[in-house]
Amino acid sequence: MDKTENYEQPLYRRVALRFKCTQCGRCCVGGDDHFVFLCAGEAETIRDYLQLSPAWFHRRYLTRSEGDLVLQSAADGACVFLQNGQCRIYPVRPLQCSTYPFWPEILKSRKHWNLEAERCEGINRELVVPINKIEAALRQFRRC
Ligand code: SF4
């Protein structure tokens, strides 16, 4: 436990969090324990966007991690939809992608936030993110 933390208020209410996406694509490349999880209905939204048959879409793009539906990834950990550094399904990308880095586990503490900054060059950069935007992301997670 970090004894300098005040746990009465969430991190984003105590500290002005800065984030500006540089479109580096690193958050689209995971590792053995990083997956893009899908909320209910997201697979169908992506399939519809790509205009693919259900069987082909499932075989080519989806898999499971401990029972949860996730996107497939390449051998190097890159998301199956990352192409030349760009997301092929950007307008319908999963909630996990559109809310990054405002995930409950990253917002747990300053230590977690700064650890994530080692992976994401956009964290602690430029713009202070409004609290209402962060809370909107967290609300979406609760509904997922
Ligand atoms: S769906 Fe798009 S934004 Fe999400 S990890 Fe894959 S390439 Fe990145």
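Start at 1 and go down the list; that is how both ligands and their atoms are numbered.
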Next item on the list: Record the part of Val80 in heavy-atom contact with ligand 1 below 4.0 Å; permitted values are side chain, backbone, both and neither.
Entry: neither

Next item on the list: Please could you name the atoms of ligand 1 that Phe81 approaches to less than 4.0 Å, counting only its heavy atoms?
Entry: 7 (S)

Next item on the list: Number the atoms of ligand 1 from 1 as they appear, then name those within less than 4.0 Å of a heavy atom of Pro94, with their elements.
Entry: 1 (S)

Margin query: Whether Glu44 and Arg47 form a salt bridge (side-chain N of Lys/Arg under 4.0 Å from carboxylate O of Asp/Glu) is what I want to check.
Written below: yes

Next item on the list: If you have a sec, work out which protein heavy atom is nearest atom 8 (Fe) of ligand 1 and how many Å separate them, to one decimal?
Entry: Cys28 SG, 2.3 Å

Next item on the list: Identify the residue among Leu82, Leu50, Thr45 that makes a side-chain contact (heavy atoms from CB on, under 4.5 Å) with Ile89.
Entry: Leu50

Next item on the list: Provide, to 0.1 Å, the distance between atom 2 (Fe) of ligand 1 and the closest protein heavy atom, together with that atom's residue and name.
Entry: Cys87 SG, 2.3 Å

Checklist line | Nearest neighbour in protein (non-hydrogen) for atom 6 (Fe) of ligand 1 | finding: Cys79 SG, 2.4 Å

Notebook entry, point to check: At a 4.0 Å threshold, what atoms of ligand 1 neighbour a non-hydrogen atom of Val36?
Noted result: 5 (S)

Notebook entry, point to check: Taking atom types as modelled and ignoring hydrogens, do the side chains of Gln72 and Thr63 form a donor-acceptor contact shorter than 3.5 angstrom?
Noted result: no

Notebook entry, point to check: N/O/S of Cys97 less than 2.8 Å from atom 4 (Fe) of ligand 1?
Noted result: yes

Next item on the list: Check for a donor-acceptor pair, side chain of Ser53 on one end and backbone N or O of Trp56 on the other, with a separation under 3.5 Å.
Entry: yes

